[in-house]
Amino acid sequence: MMHFLSSLRLAFYNLLALILWMGTGVVLSHSHEAAFDRMNEMPILEWMGNTMPQSPLPVVWFLVLCMISLILLVNALCCTFNRQLVLARKLKKGKPWLFFILHCLFILVLGCHGLILVAGDKQGRIYLSPGMSHVFGPYRILAEEVVIGDDPKLLSALGKTQRSRMTRDNIGLHNNYVRLRLFRNDLEVADKPVYMLSPMRYKTLQVTLVEFSQNPRQLSPGVILTITDNPLNPVFFLVYGIMILSLAGFTMLTWHQKPPEKDIS
């Protein structure tokens with residue numbers, strides 16, 4: 001049994017199933033777009049409880065995805081400690097030990113992925129216009145100003161349509177932003193402009209600008225924000241960065257150049 005769980009054959013078929021199942025999710029997202037959008041706007045357990053009664057298919061798809069990922073994790077654990085560790089101890093060289101470390105880091109990344117899904121808090125689709133604030137646990141996020149430096153007609157499109165129009169040819173990345181002030185227990189701890197793809201971060205808190213919005217009841221434009229607070233995020237990005245560096249080091253150590261051909265003339 002252990003031989004099967006640590007086999008490359010299981011890893012191959014598991015990765016193939018993962019790719020095919022992700023493709024199924026892409027197809028399913030077109031018919032259940034609202035359900036998949038909500039997945040990124042709230043904690044996953046809350047999303048499952050709210051979505052299951054109305055749209056069970058996305059929840060079933062997600063549970064199967066978790067099962068495939070769990071099998072991949074078990075395969076990585078068995079392969080690492082049943083094969084790679086034994087080989088590293090036997091050869092007593094640097095390359096097998098580095099490969100074993102890479103496997104361990106991969107397992108940590110997979111584990112962090114799973115834990116991040118159930119840890120922390122998240123709120124999405126939060127609308128703020130200048131002067132409005134939102135309370136998130138001990139934090140209060142205040143929108144000081146919203147600056148639109150490019151074509152305001154971009155605000156007439158919503159969601160994915162708006163983001164598809166916001167290309168480098170149409171906008172300047174730093175021309176459009178919202179200035180946010182962050183308070184913790186009524187004490188200001190951060191004040192900075194937040195751009196697309198450049199969120200506000202404070203400790204484990206992250207405030208992301210999703211899109212600009214024009215509420216007919218408001219004279220000035222507003223923004224849609226997503227707020228997350230997950231203590232595992234720094235750990236995940238640290239482990240992920242170490243894994244990338246280790247992979248680069250392993251590649252350099254195992255890179256073999258083709259020797260020059262001898263001149264036989």
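In what follows, every heavy atom counts, from backbone to side chain, and hydrogens, waters and symmetry copies are set aside. From a predicted model like this one, the values you see are computed outputs, not experimental measurements.
Nearest approach of C112 to V235, heavy atoms of both residues: SG-CG1, 4.3 Å. Between W61 and L28 the shortest heavy-atom distance is CB-CD2, 3.8 Å. Closest approach of L102 and M243 over heavy atoms only: CD2-O, 3.8 Å. Heavy-atom minimum distance, L5 versus N75: O-ND2, 2.7 Å. Between S55 and A35, the shortest heavy-atom distance links the atoms CB-CB, 4.4 Å. Across all non-hydrogen atoms, the minimal contact from V86 to F81 is CG2-O, 4.2 Å.
Linking Ile, Leu, Val, Met, Phe, Trp and Tyr whenever their side-chain heavy atoms come within less than 4.5 Å leaves F183 and F136 in two separate clusters. Both Y127 and L209 belong to a single network of hydrophobic side chains, linked directly or stepwise wherever heavy atoms of I, L, V, M, F, W or Y lie under 4.5 Å apart. V223 and Y139 fall within a single hydrophobic cluster, where Ile, Leu, Val, Met, Phe, Trp and Tyr side chains are chained together by heavy-atom contacts under 4.5 Å. In the hydrophobic clustering of this structure, L182 groups with L225; members are Ile, Leu, Val, Met, Phe, Trp, Tyr whose side-chain heavy atoms approach within less than 4.5 Å, directly or through other members. Side-chain heavy atoms closer than 4.5 Å link hydrophobic residues (I, L, V, M, F, W, Y) into clusters, and following such links, possibly through other members, connects Y202 to V178.
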Applying side chain to side chain contact (heavy atoms under 4.5 Å, CB included), run through R140 and E188 and close with a yes or a no.
-> CA-CA 9 Å; R140 182 169 66 90; E188 185 172 346; over 6 Å; no

Side chain to side chain contact (heavy atoms under 4.5 Å, CB included) between Y195 and N176: does it pass, once the steps are laid out?
-> CA-CA 7 Å; Y195 308 92; N176 312 278; over 6 Å; no

Please lay out, stage by stage, how T208 and Q206 fare under the test side chain to side chain donor-acceptor pair (under 3.5 Å).
-> CA-CA 6 Å; T208 304; Q206 178 171 304; 3.2 Å; yes

Apply side chain to side chain contact (heavy atoms under 4.5 Å, CB included) to the pair N233 and T204, showing each step before the final yes or no.
-> CA-CA 7 Å; N233 279 338; T204 59; over 6 Å; no

Please walk me through it: do C104 and L108 pass side chain to side chain contact (heavy atoms under 4.5 Å, CB included)?
-> CA-CA 6 Å; C104 292; L108 285 175; 5.7 Å; no

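Proximity of P96 to F100: side-chain heavy atoms (C-beta onward) are nowhere separated by under 4.5 Å. A heavy-atom distance below 4.5 Å is not found between the side chains of V207 and V194. Within the 4.5 Å cutoff, the side chain of I107 has heavy atoms near those of the T80 side chain. Side-chain contact between W47 and P58 is present, with heavy atoms from C-beta onward closer than 4.5 Å. No side-chain heavy atom of T228 sits under 4.5 Å from any side-chain heavy atom of L205. The side-chain heavy atoms of E144 and P130, taken from C-beta on, include no pair separated by under 4.5 Å. Residues L85 and W97 form a side-chain contact, since some pair of their non-hydrogen atoms from C-beta on lies under 4.5 Å apart. Counting only heavy atoms from C-beta outward, the side chains of S69 and L18 approach each other to under 4.5 Å.
Applying the side-chain contact (heavy atoms from CB on, under 4.5 Å) test between I68 and each of L20, L15, N14 identifies N14 as the sole match.
I71 contributes atom CD1, which lies 11.0 Å from atom CG of L73 (distance to the nearest 0.5 angstrom). Atom CZ of F99 is separated from atom CZ of R83 by 11.5 Å, given to the nearest 0.5 angstrom. For the atom pair CD1 (I44) and CZ (F62), the distance works out to 4.0 Å, reported to the nearest 0.5 Å. With values rounded to the nearest 0.5 angstrom, L180 atom CG is found 11.0 Å from S133 atom OG. Taking CG from L115 and CZ from F236, the interatomic distance works out to 11.5 Å, rounded to the nearest 0.5 Å. To the nearest 0.5 Å, the span separating NE2 on H32 from CE on M39 amounts to 11.5 Å.
A salt bridge is defined here as a Lys NZ or Arg NE, NH1 or NH2 lying under 4.0 Å from an Asp or Glu carboxylate O, and E41 with K122 fails to meet this definition. Using a 4.0 Å cut-off between charged side-chain N and carboxylate O, R38 and E33 make no salt bridge.
The closest donor-acceptor contact from the side chain of S29 to the backbone of V26 lies under 3.5 Å. In this structure a side-chain-to-backbone donor-acceptor pair under 3.5 Å is present from N230 to I116. Looking only at distances, a side-chain donor or acceptor of S7 sits under 3.5 Å from a matching main-chain atom of F4.
Other residues, nucleotides and ligands place no more than 12 heavy atoms under 6.0 Å from the CG atom of L197.
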